[in-house]
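Each chain gets a letter, A, B and so on, in the order its sequence line appears, and its residues count up from 1.
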Amino acid sequence: MSDIQITLQNAVAQAVEHLYGTPTESSKVLVNNTPPDFQGDYSVVIFPFVKLSKKSPDFTAGEIGAFVQEKVELVKSWNVVKGFLNLEISEIYWNSFLQSVAENHHFGKKPFTGRKVMVEYSSPNTNKPLHLGHIRNILLGWSCTKILEAVGFEVIKTQIINDRGVAICKSMLSWKLFGEGKTPESEGVKSDHFVGDWYVLFEQKSKEEYEQWQQSSIAKELFNTRKKTEQTEKEFFKDFKNKWFNEYSKLGSEVRDMLLKWESHDPEVMALWKKMNNWVYQGFDQTYGDLGVSFDKLYYESDTYLLGKDIVEQGLSKSVFYKKEDGSVWVDLTDAGLDHKVVLRSDGTSVYITQDLGTAQMRYKELGCEQFVYVVADEQNYHFQVLFETLKRLGEPYAGGLHHLSYGLVELPTGRMKTREGTVVDADDLIAEVTRLAKEQSAERGEIDGVAMAEKNENLRRVGMGALKFFIIKVHPKKKMIFNPEESVDMQGQTGPYIQYSFVRINGLMQRIEKEGVDLSMFAKYSDMKPQEKELLVALHEYPEIIQSAADEFDPSLIANYCYALAKSYHRFWHDLSIFNAETNEAKAFRLLLSKAVGQVLKSGMGLLGIEMPDRM
RNA sequence: GGUCCCGUAGCUCAGAUGGAUAGAGCAUUUGCCUUCUAAGCAAACGGUCACAGGUUCGAGUCCUGUCGGGAUCACCA
């Protein structure tokens with residue numbers, strides 16, 4: 001609710017009490033924006049008061065309208081349509097509002113409140129490069145950090161790196177067996193892709209080994225004795241794959257051996273592990289840089305995977321957890337609609353959730369945040385429900401401030417991306433592709449042919465990335481997304497470049513103001529406001545509320561849709577009205593000031609999405 | 001089977017706390033650059049808001065059920 005809407009709510013509530021003698025809670029009064037086809041700026045829904053007035057909706061609206069106009073100076077006029085009271089706000093209000101926006105680069109943002117939140121928005125595995133799914137995760141999370149900052153939080157941006165386990169051992173073993181000492185430099189391959197390639201090779205070699213093994217007499221015998229009725233050989237071996245890898249595979253046993261050596265800190269394995277992970281980090285850094293994101297604090301699973309044992313002890317002593325005869329420890333969450341869940345294995349080792357419990361506690365002690373946001377795909381909804389509920393029962397002080405920003409998976413028109421089928425959309429490829437597209441389209445237009453190469457490249461990089469980022473962020477996080485690599489991302493219509501283009505138009509005006517030294521102070525004498533101008537003012541007016549709801553709901557798509565709507569209104573305004581050649585000097589000043597304000601808000605809003613504005617395009 | 005999420009135009013998506021005739025973009029068709037950048041503007045076409053009940057002055061929005069799609073229910077991470 002904006003200040004003016006609250007004023008109107010209060011006035012209506014007063015009117016109802018005064019006219020019909022029944023006190024009404026002002027927050028219950030509905031004050032919406034008036035739809036474009038009607039005259040007025042804000043509309044009050046009158047139906048709820050009809051019971052009190054015992055008169056017709058339109059008559060009631062008239063009585064309330066007269067009272068409100070009397071009471072609130074800023075209400076210039078009112079009219080009634082079918083039970084809706086439409087109120088028009090005076091130019092004085094809009095003019096002073098416009099001036100305050102144009103003068104304030106932080107319009108819509110709140111000052112620092114002293115509150116602190118941690119956002120974990122990337123959790124990559126170190127055995128392969130980042131892909132489109134990671135991009136959605138990272139962009140949503142990054143935008144979320146910007147939005148939380150805008151409402152006054154100090155935000156600690158973190159990533160947890162899954163740098164240990166079977167997966168990275170596969171890459172390591174594969175390189176050790178077949179690598180012949182090759183390096184990313186020697187092969188001229190981006191270093192995280194280099195590591196990923198060895199992982200892929202491992203899977204390939206393992207598949208070959210499995211196929212060969214299926215011909216052995218042991219395999220034939222297993223098939224004949226254990227197959228289910230009607231099961232073909234192919235089906236049987238498909239199901240058997242994990243068991244084979246764990247019990248019969250030579251590569252499988254070598255990987256497990258390597259994992260054990262890693263756990264016992266074998267120097268040779270540790271050296272190899274560090275070497276390969278460093279290659280991956282180098283590659284990740286470049287991709288993060290291209291995406292324009294950064295972190296304040298890094299967590300490595302190799303440091304945290306043993307955490308959580310003491311929290312299990314605490315849980316047992318508080319009787320939040322219970323122990324079975326075999327020594328495993330459990331939590332019973334059935335009364336919260338969840339299930340029984342293991343928190344410690346019978347052999348005393350951690351499971352995934354043990355680690356998360358421990359990490360949460362450690363972070364709280366270390367960072368002192370009151371809120372924690374985890375940006376993780378919706379596959380893990382259940383896990384986070386269990387995690388949060390468990391922390392709550394343990395009485396952790398931050399338990400009320402935990403939030404899982406859950407988002408839907410990115411899918412291809414053919415379904416989920418699959419490494420095995422080679423349908424994974426690689427992050428670096430995609431970034432290169434959108435940049436190429438932006439350059440191609442710019443060349444077709446020829447608008448900035450004369451601009452210096454470096455400046456041109458930077459502008460077009462922003463356009464390409466703007467297209468990609470907007471494409472992803474405009475969709476509500478919890479919805480799954482379809483991405484068609486054939487069509488890639490658009491640059492026309494409801495897109496990032498569309499919004500950037502409206503900014504570029506404004507930027508052109510601002511440069512001209514500077515060159516020609518236009519005096520904007522006479523804007524306040526402009527009184528004949530056009531609908532296209534009012535529409536922009538109303539939109540600007542909503543910006544602070546939009547940021548607040550985006551923060552409350554952890555939903556950057558609200559900002560994206562807002563920016564699009566604002567840009568759309570601006571394009572219409574630009575088309576319909578002359579700005580520099582306006583009818584009067586007052587109109588010219590007003591439109592230029594309005595343009596300036598719109599430009600600032602667009603830049604600010606897109607900044608909350610992690611999208612930079614080009615100067616020219 | 002239990003729990004959760006989704007179902008809006010041919011396609012991709014908007015539709016705060018229930019409010020006025022359900023909106024954009026893409027695609028298709030058609031207009032608009034001697035005037036501030038046409039990555040733009042305007043128009044046409046396109047809908048039983050999955051279906052059936054219910055709540056009420058009013059339901060795409062809330063409740064119940066049905067049907068479709070997805071996720072998850074490991075001493076995996």
Side-chain angles (χ1 to χ4, degrees), chain A residues 1 27-28 30 32 34-35 37-38 43 45-48 50-51 57 81-84 86 123 125 162 165-167 242 301 305 324 326-330 337-339 341-347 349-353 355-356 377-383 385-386 406 408-409 411 413 416 438 441-442 444-445 447-448 463 467 471 474-476 478-484 487 490-502 504-509 512 545-546 549 552-553 557-558 560-561 564-565 567-568 570-576 578-582 591-592 595 616-617:
Chain A
M1 276 292 132
S27 63
K28 298 262 167 67
L30 280 167
N32 302 324
T34 303
D37 295 350
F38 301 92
S43 296
V45 183
I46 296 300
F47 296 106
V50 172
K51 275 180 220 139
V81 181
K82 290 197 294 184
F84 292 86
N86 303 321
S123 44
N125 294 319
N162 298 306
V166 175
N242 273 336
E301 203 205 351
Y305 81 112
K324 287 195 181 173
D326 63 5
S328 58
V329 181
W330 295 71
L338 300 167
D339 225 322
K341 184 82 190 173
V342 183
V343 294
L344 200 66
R345 291 195 185 99
S346 51
D347 64 5
T349 57
S350 304
V351 290
Y352 184 44
I353 196 150
Q355 205 185 124
D356 272 0
D378 63 10
E379 299 167 300
Q380 299 203 33
N381 284 353
Y382 183 74
H383 170 75
Q385 279 180 37
V386 170
S406 159
L409 293 174
E411 294 183 7
R416 285 176 80 154
Q441 299 214 11
S442 171
E444 271 173 33
R445 295 170 11 103
E447 198 67 56
I448 58 172
V463 173
F471 178 84
K474 74 173 181 183
V475 180
H476 192 285
K478 84 175 168 193
K479 289 204 170 185
K480 73 175 182 194
M481 278 190 55
I482 313 283
F483 178 80
N484 189 342
E487 295 167 7
D490 287 329
M491 308 242 168
Q492 268 87 35
Q494 192 181 28
T495 66
Y498 175 96
I499 299 165
Q500 290 173 323
Y501 184 55
S502 60
V504 163
R505 285 178 148 178
I506 292 167
N507 196 44
L509 296 177
R512 204 169 146 188
E545 288 174 68
I546 298 287
S549 353
D552 294 344
E553 291 164 43
S557 73
L558 289 172
N561 289 310
Y564 172 69
K568 190 172 165 58
Y570 190 78
H571 280 306
R572 198 192 342 261
F573 161 83
W574 174 285
H575 177 268
D576 292 351
S578 290
I579 301 170
F580 255 94
N581 305 319
R591 285 172 198 164
L592 284 170
S595 297
R616 315 176 65 173
M617 59 194 284

Self-check item: Residues that Phe580(A) engages under side-chain contact (heavy atoms from CB on, under 4.5 Å), provided they are two or more places apart
Solution: Leu509(A), Arg512(A), Ile513(A), Glu516(A), Val518(A), Lys588(A), Leu592(A)

Exercise. Only counting residues at least two apart or in another chain, list the ones meeting side-chain contact (heavy atoms from CB on, under 4.5 Å) with Asp552(A).
Key: Gln548(A)

Exercise. Indicate for each nucleotide in nucleotides 21-35 of chain B, in 5' to 3' sequence, whether protein heavy atoms under 4.0 Å reach the base (B), only the sugar-phosphate (S), or nothing (-).
Key: B--BSS--------S

Practice problem: Grab the CD1-P distance between Ile482(A) and G10(B) for me, whole Å please. | Solution: 17 Å

Exercise. Would you indicate, yes or no, if A42(B) has its OP1 or OP2 atom less than 4.0 angstrom from a side-chain nitrogen or oxygen of Arg572(A)?
Key: yes

Sort me out a list of protein N/O and nucleotides 67-70 of chain B N/O pairs below 3.5 Å, or just none if empty.
none

Self-check item: With sequence neighbours excluded, residues passing ring-ring contact (aromatic ring centres under 6.0 Å, His included) with Phe573(A)
Solution: Tyr570(A)

Quiz item: Is Tyr498(A) near enough to C41(B) that one of its side-chain N or O atoms lies under 4.0 angstrom from OP1 or OP2?
Solution: yes

Quiz item: Excluding sequence neighbours, so at least two apart, what forms ring-ring contact (aromatic ring centres under 6.0 Å, His included) with Tyr352(A)?
Solution: His383(A)

Quiz item: Who passes side-chain contact (heavy atoms from CB on, under 4.5 Å) against Lys324(A), sequence neighbours left out?
Solution: Tyr322(A), Asp326(A), Ser328(A), Trp330(A)

Exercise. Check side-chain hydrogen bond (donor to acceptor under 3.5 Å, both in side chains) between Ser123(A) and all other residues, then give those that pass, not counting sequence neighbours.
Key: none

Exercise. Under the side-chain contact (heavy atoms from CB on, under 4.5 Å) rule, collect the residues that match up with Gln385(A), sequence neighbours excluded.
Key: Leu338(A)

Exercise. Taking side-chain hydrogen bond (donor to acceptor under 3.5 Å, both in side chains) as the test, write out the residues that go with Asn125(A), two or more places apart.
Key: Asn162(A)

Quiz item: Got a sec, which residues hit ring-ring contact (aromatic ring centres under 6.0 Å, His included) with His571(A), two or more places apart in sequence or on another chain?
Solution: Tyr498(A), Tyr501(A)

Quiz item: Taking both distances under 3.5 Å as the test for a Watson-Crick or G-U pair, what stems of at least three pairs does RNA chain B have?
Solution: B:1-7 with B:67-73, B:10-13 with B:23-26, B:28-32 with B:40-44, B:50-54 with B:62-66

